[in-house]
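These notes concern the structure reproduced below.
As the structure lists them, so they are numbered: ligands from 1, and atoms in each ligand from 1.
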Amino acid sequence: MSSLEGLLERSASGGRLSFDEGVRLYREADLHALGAAAHARRLQLHPGNTVTYVIDTTINYTNVCNVHCTFCAFFRPEHHREGYTMSHDRVLERVKFAADQGATQIMIQGGVNPELGLAWFEELFARVGKEFPQVDIHSLSVSEVIGIANIEQMSTEEVLRRLKAAGMRSLPGAGAEILVERVRKRISARKVKPEVWLGVMREAQLLGMPTTATMMFGSIETPEERIEHMQVLRELQDETGGFTAFIPWYYVPFKTPLRGSEATGLEYLRVLAVSRLFLDNFAHLQASWLTPGLKLGQLALFYGCDDMGGTILEEQVVHDAGSTNEATRRDLERLITGAGFTPVIRDTYWNLRDDVALATA
Ligand code: SF4
């Protein structure tokens with residue numbers, strides 16, 4: 001059996017870890033040694049001194065949802081007096097607000113609203129594409145795609161094909177939580193099973209839509225289940241190569257039906273470092289500052305992350321759960337510079353956008 005040092009050395013140079021080896025590193029390795037190995041791997045994948053970020057916004061177009069996840073404080077059931085759905089004009093206003101600030105990525109995401117069929121999204125995306133051709137529509141989630149497929153009695157592949165034709169160029173990795181059936185049953189019983197989530201992702205990737213992968217941790221899952229989540233993502237990535245980045249983030253338990261205690265900063269860094277080492281076939285690891293905050297987001301750059309995520313101008317879902325973190329472009333650039341790196345703006349597909357000026361330039 002390899003020593004911990006041997007596992008760290010192998011994975012720091014891109015060697016594959018088995019499930020048991022991933023669990024062992026997670027449970028037993030010293031945090032600083034894990035961070036050093038993850039940082040070495042990040043520098044091997046992305047030599048040089050740059051850290052990327054994207055100027056983006058999240059427009060939460062509806063909070064009506066029939067999925068009722070226990071970790072979610074954002075949704076309202078159908079016919080609730082606090083339920084809302086934005087008009088297309090209202091969404092377009094918010095896109096304009098973001099585009100005026102240089103946004104290149106628009107994430108239109110919301111609840112699974114049984115009133116909104118495919119035509120509603122096709123019309124919206126076509127308008128966004130026509131009026132703001134400079135932005136990429138990186139929108140919806142597997143849950144919303146399945147919701148539309150159910151309304152239309154259509155396959156998810158056909159829904160994705162139609163959404164793509166309407167201008168939705170990529171699919172965010174939201175809604176995966178932990179891709180382990182025991183966890184799904186406990187925290188989001190109405191959500192689709194892990195293999196269905198993976199199946200819709202596969203369909204999107206085979207249609208040529210890049211996707212990201214997320215992991216919402218810190219609810220009821222064990223370290224073994226976190227590695228299991230990474231393992232099924234790694235297997236799909238071996239098959240399709242369709243994930244651009246992995247984005248682990250921890251849930252905020254303050255205003256949600258599922259109560260618990262928030263993950264600690266050290267736990268966050270451990271998850272990042274193990275992710276960077278275990279997901280040997282993922283190009284990018286993103287620091288998700290939205291729940292751990294900007295200062296920990298900065299530290300994440302030494303635990304395997306090469307990307308600071310986005311400005312997420314108007315996000316509501318995580319804020320409704322109790323997060324108070326916000327970031328301007330200037331904030332993100334200062335954090336990156338302060339850590340000794342050079343900030344570079346990218347788009348959804350990791351093309352570097354030197355046509356968009358840095359806020360601190
Ligand atoms: S997390 Fe998404 S799918 Fe779950 S209840 Fe909230 S809005 Fe609905």
I want to check a possible cation-pi pair here: R329 against Y53, using under 6.0 Å from ring centre and within 45° of the ring axis as the test. no
Can you list the ligand 1 atoms lying under 4.0 Å from a non-hydrogen atom of C65? 3 (S), 5 (S), 7 (S), 8 (Fe)
Out of S143, A73, G111, the nearest non-hydrogen contact to atom 7 (S) of ligand 1 is supplied by G111
Looking at atom 8 (Fe) of ligand 1, is one of the N, O or S atoms of C72 less than 2.8 Å from it? no
CD of E262 to CD of E267, rounded to nearest 0.5 Å, is 10.0 Å
Pair Y61, Q109: side-chain N/O donor-acceptor within cut-off below 3.5 Å: no
Side chains of N60 and Y84, heavy atoms from C-beta outward: is any pair under 4.5 Å? yes
Is it true that some N/O/S atom of C69, main chain or side chain, lies under 2.8 Å from atom 4 (Fe) of ligand 1? yes
